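Worksheet for the structure shown next.
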Amino acid sequence: MATASVLNGDGSALPIRVSEFGKSYGKVVAVREASLDVVKGEMYGLIGPDGAGKSTLMKSIAGVLAYDAGSIEVFGQKVDSEESAELIKSRIGLMPQGLGLNLSPDLSIEENIDYFARVRLVPPSELEARKDRFLKMTRLDSFRNRPMKNLSGGMKQKLGLICSLIHLPELIILDEPTTGVDPVSRRDFWAILSELSRAEGMTALISTAYMEEALRFDRVSLMHEGRFLASGTPEELVGLVPGTMVELRCPNQIEALGVLREYYAQVEPRGEWVRLLADTADRDKAKSEAISFLPPDLQPTEVRTWDPDLEDVFIALLRQREQTEGEATSAAGTVETYAALPEEQMERTAIEAMELTRIFGSFTAVDHVTFQVKQGEIFGLLGANGAGKSTCIKMLTGILPPSSGEGQVSGADMRFAGQEIKERIGYVSQAFSLYIDLTVLENIMLYAGIYGVPKDLRPERAEWVLNVAGLSGRGDAKVASLPMGLRQRLSLGCALVHQPSTLFLDEPTSGVDPVGRRQFWDILYRLSRVHNVAILFTTHYMSEAESCDHIVLMFAGRVVADAPPESLEDNIENQVGHLLEFRTSDPPNALGLVTSIFPEALAYGSRIRLISSDPTGDEQRIREILTEHGIQVLSVTPKPISMEEVFVHTVTSLERESEKAKGAA
Amino acid sequence: MSLMNVWKNWASRLSVMTYKEILQFLRDPILMLILVYAFILGVRNAGTSVSMQIEHAPIAFIDNDRSNTSREVIYSFQEPWFSPYGVISGPREGQRLLDSGKVMAVLDIPPQFEESLMRGDPESIQLQLDTSNSSIAEIVEGYASQVMAPLGQTFGLKSLGISSSSSSLPPGIIDAHRIWFNPNVLDSWFQSVCQLIQVITMLALLLPAAAMVREKERGTIEQLTVSPLSPLQIILPKVISMTLAIIIGCCLSLFIVIGPMFHVPMKGSLLLFFVITAIYVFSMTGIGVFIASISRNLAQVGLLSIMLLTPMIYLSGKFTPPEAMPGALLAVMYIQPTYYYLNIVFGILLKGAGVQILWLQILIMIALGSVIFIAAMRRFKRQMG
Amino acid sequence: MNGRRIIAVASKEIREVARDKLFAVLAFVLPSFLMLLLGVCLSMDVENIPIAIVDNDNTPESRDFTSRFSSSRYFNLVSIAYDDRELDPLLKNNVIRAVIIIPAHFGKNINKGRPAPIQTLLDGTYTSRAQITKGYISSIIASMNGNLLAQYISRIKGIPLDRAQIAVRPVSVDSRYLYNPSIKSVLGLAPRLLVLILYMVPPLLTGLGVVREKETGSIFNVYASTLTRGEYLIGKLIPYVGIAFLNAIVLLLIALLVFGAPFKGSMLFFLVSTLAYVVSTCCLGLMISTLMTTQAAAMIFTAIVTQITAVNFSGVMVPVGSLSPGGQKIAHLFPCMFYTRIIEGTFLKGTGTAQLWLNVLILVIFSIVLFTISYLQFHKRTNA
């Protein structure tokens, strides 16, 4: 933890100083007793689920939200009234939550930037130079005149970033800038942000729901239900929970899961593996202990161990808190009963796309897409924003007629049997789309009625949905008052109300906290394994992609990869090499040096990551160049190739190819 | 599945969706407030304050004669038709008063007015009228003639030595007029009912249009399109719930304002009134749905609604009767349901007419309403794909 | 207050309006459309009132009486019936406005100098129409009675009929039609429609501006920026004032060129006061926008409030003077009435600026009050 100094190193006032902050909306306490100091030039992360109070805190710091308790100082200025808040606004920039919501959809990229610049009185002479530089950096340069509404989610967020930075504020506050953004765009976003903050000496306060992004910050605070669980550097936080992640591949996953849950608090399925957190840092001990709990018939065929990542730490911290304070977060229930599929349909193909194509004007959104999803399979459809995933789902669910090609869903031809398909599937859309002015129960009963659940069965079924979604006892709560995680579980619950054999989930976990996502996955897992439900899933959380049985990766409307996640990872490892992570004594300068020989190397907070086809040779070269410049290499760790790397590598290399093809043409 | 089951399913979906619409409506306090304002206060204000009859026309007098006769003339211009401003100095002041709108007319009595009348010569009095609102001016002119005619006759007969009260004079035609349906010609009856009709018309169009666009803007429409609901099952519940809300609003209006405050007789069958109103609201919601289907945002809905509502309200016959309409507008008047609705409502509430009298207007209204509703449904279906 | 920031907000708003094609087109087409429509459909003078006559007498006298109605331009004799039961449905269906029943012995009574009663049944539903109809019927009867009286006087006094005519009606009212000598109602109506249309459309244009940003969340850009509240609200207002003012000029041209309305006052004064009026109506929209939390509520509220008050309390359709005292008070709560006075003064009457400037001042006060309410309602640091 940083010492609570009132001043920066150079004697100026701290950019942000929050003490004992509290804010309630009516009876609902959003944040309580939050204290926080941010030092000049720091990239500070607020991590936690939607509804944890991040936005409340950030808005209050930016002076746009009144609060009830404590104090906020920004650059030494007390922010406690509308008038005093005005005094800091020239020195800050705020990017509110929501994909492109702060931009004008009908205006072009350039017009949007110009508007922000003019409001901030940026001199025209400087504006041009700054705009050119930012647009180049974000690779939005060639789309200057494109209306914002026609940009992909990632591009929107990059534009939003430029707009909030155009007046070069000393402090920038970004509220979940990467939620709903694909991994490649996210990586871009962070690269730009870290470069700018370094170049301009800017301080940044950023919130995110992606745990893996926490590593990119200098310091982070973990927030949950309006409180700080812990604060510190990412390393310090990981150190708070000493332990080992053990992954076991067992013959009967579901039974192994059941057995291990009796011994470990944190056990979850991940693809074909069972993953658990052992509370010892001794990997061998953790491994042997886990194996010893399993009966002979469940002995794992393969076991591997990792250091716990921040997501595991977050959940562990939360668990500890619950134990000490006896505070239970509402957990999702289990799916005990479910409409059983007829025996003969157990093995069928639940979803089949055959040469599906959709053309909008001159733009081919989906280009001859073919894939199959079997009953009982969790199927991940991945791709960058705008790759055609949602269009695919819309065609399969019958909202959008295909231009050509055909498909089958739950044994019905989508061209002729739209109505039957609609009755047999459940659907959770990208944006939350239940009625926020109705209560939880009213929403459930509505969908029960819509999906034709017989009237006398409805109360019982509603009870079941409440239980599955972990919303028991909250039936009468207005949906508007629920945090995002619970809302998404309600969406899933409503999609399950008629117990469909096929589920379409379009980014259902966007913005949902790790706990919520794990509970969500628990339900999905049981549905697929026990009740043989086929699940087609899209997500930008690559940790979720790892949990899928099968992955299809789309790029520019086409399928570019179609395999289980592990074989995709293996492929990449075979093709391009291993992932190395460097810790150095002088991160900013080290990055410059490393990128001069490895342009693809990326800053990961204070660390540097790169994929190397020759790990030993490359490590040697980097060590040489760094020591030459007097920089110490503190550690070099090989990291497993994850879906994140698969995604980023595949998509960026395809992008490069298509740029080349364009250039050649 | 048997036909019975299909029907049961259909009805059950419809009813859960309708229930949802009603709940949502009840949870929007501002909307409720607007509804109450429009149906109660709006109707009350129109009924108590607006009069289309011209009364109390301010009039000033220039008396160049200063005789008993001229004073008698001036004295005859009285309430309720006229509101005498008083005798003024001359034409110049008259002009000023007319210019500033303080008086609507100036009556200029010439010199030797009494003398020439006594001689039995014809005389003329000049009436200067502000005709910037010409229809009102014409009415005021008519009042002046009606005041002057019997007065002049008395003077004329007196010059011949005949007393105007003499019983030997032929009485001539005596008009025993009776005003039906609103014997005391109370504006409150006409204005309040017209206002009710206007409020119904506007809300029937705006409420469903806003509800549709809200589903579009919030993205909830997507969830509905993936569900087994048919477009009709999405639209109808909105129409039904809005119709219900408007019918309740009508009840408030009728039983709090129009009945108890203004004593409008409500002679005909109220059941018929409500049935007709429901049908009318249905067809208006069709227009609302149509507007929602071509609008991207609520601002567009607002402008399009006014574009369609204004002709409906102004071509309803409230302001200008059909006989005064030029051909093209008359055609528009006859193809929009509000015209028939207005006639039917007055027929029921004031005139006590029933189906046996109003059937043709009812049929036409239903036919027009169905065309509108079906067209809107087709458009919505196409949009939903 | 920084002009450049205001311009930044305003120009962005203008761009957004321009990009929203349907909205932009409607913003300019709607006022003109309403002007043409209302100009034609409200200016029609009452003529051809449909009536029916039941002639139970069928004598030359009764036919003479009937012919006075059929030849009048005010009446359209829809049917001459001999049984009044036929007429009930016609009245109830609003096919006819009045029935005149001539009883038997009508002719005989007249010839014998006895009272000749007739009966008029008027549909009182449309109160003003009933009054007008009654007036026209009375004047036809009065003129017939005058003739009868003149004939009688000429007979008993032995004087020529024309002399007797004068005695019966010695005083004629010689009307001078000021401001609108041809007494075509459209000449007076068309200018007054500016009041109505510039009150119905601009608030609707302005009314969603702020609440839309509140609903989407883009308002936080404003909150977090150095824009002051005043700058933002003025920037939001300017484009719509501009659109409304352009519309006012188009409407002026329609009034002058299409409907041929006269314009006698000072054009400069008219333009200044029109600007004051559209600012006040735009401010009304702005106020609603800052008060409401959802676009739907703002839209419906604006539409209902403006439509209801515009028709009844603006002085356009009904002179404010003939409203009830309570109604006159309500009329003073809206800017329309004051602009109606300005319109009547500048178009038809040519009233001088000296007599009208107070109205402009009132419009300015309206704008200030409405803007101040908006300003006080709008905060850059909110509670939720």
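These numbers were taken from a predicted model, which means no experiment stands behind them. Here is how names work: the chains are called A, B, and so on, in the same order as the sequence lines, proteins then strands, and each is numbered from 1. Excluded from the calculations below are hydrogen atoms, water molecules and symmetry mates; all remaining heavy atoms, backbone and side chain alike, are included.
If you measure heavy-atom distances from B:Q146 to chain C, the contacts under 4.5 Å come from the side chain alone. Only the side chain of B:E141 comes within contact range of chain C, with at least one heavy atom under 4.5 Å from a heavy atom of that chain. With a threshold of 4.5 angstrom between heavy atoms, B:A137 does not approach chain C through any atom at all. In this structure, chain C has a heavy atom under 4.5 Å from the side chain of B:L31, while its backbone stays farther away. For B:T48, the part lying under 4.5 angstrom from a heavy atom of chain C is the backbone only. For B:L329, the part lying near chain C is the side chain, with the backbone staying farther off; criterion is any non-hydrogen pair under 4.5 Å. If you measure heavy-atom distances from B:Q198 to chain C, the contacts under 4.5 Å come from the side chain alone. With a threshold of 4.5 angstrom between heavy atoms, B:I313 approaches chain C through side-chain atoms but not through N, CA, C or O. In this structure, chain C has a heavy atom under 4.5 Å from the side chain of B:N297, while its backbone stays farther away. Proximity to chain C involves both the backbone and the side chain of B:R178, based on heavy atoms less than 4.5 angstrom apart.
Ranked by heavy-atom pairs shorter than 4.5 Å toward chain C, the options B:I306, B:V193, B:V332 are led by B:I306. Interface summary for chain C: among B:L304, B:V213, B:I344, the most heavy-atom pairs under 4.5 angstrom belong to B:L304. Of the listed residues (B:G347, B:A46, B:P311), the one with the most heavy-atom contacts under 4.5 Å to chain C is B:P311. Per-residue heavy-atom pair counts under 4.5 Å with chain C were compared for B:D130, B:I30, B:L186, B:L206, and the maximum is reached by B:D130. Most heavy-atom pairs under 4.5 Å with chain B, from the set C:L30, C:T125, C:L26, C:L204: that is C:T125. Of the residues considered (C:A116, C:P117, C:A164), C:A116 shows the highest number of contacts with chain B, using heavy-atom pairs under 4.5 Å. Most heavy-atom pairs under 4.5 Å with chain C, from the set B:L129, B:D121, B:N182: that is B:L129. Ranked by heavy-atom pairs under 4.5 Å with chain C, the first of B:T310, B:L315, B:L350, B:L360 is B:T310.
In this structure B:R296 satisfies the salt bridge (Lys or Arg N to Asp or Glu O under 4.0 Å) test together with A:D106, C:D20, sequence neighbours excluded.
The salt bridge (Lys or Arg N to Asp or Glu O under 4.0 Å) analysis of residues 123-137 of chain C, with sequence neighbours excluded, yields the pairs B:K351-C:D123.
Using cut-offs of 30° and 60° on the angle between ring planes, the pair B:F155 and B:F113 is perpendicular. B:F319 and B:Y314 have parallel rings, their planes meeting at less than 30° on a 0 to 90° scale where 60° marks the start of perpendicular.
Ring centroid separation for the pair B:F346 and C:Y126 comes in under the 6.0 Å cut-off.
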**Request:** Mind running side-chain hydrogen bond (donor to acceptor under 3.5 Å, both in side chains) on C:E344 and C:Y179 for me, showing each step along the way?
**Result:** CA-CA 9 Å; C:E344 288 180 347; C:Y179 316 127; over 6 Å; no
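Between B:Q128 and B:D108, the side chains place no donor N or O within less than 3.5 Å of an acceptor N or O (distance only, hydrogens not considered).
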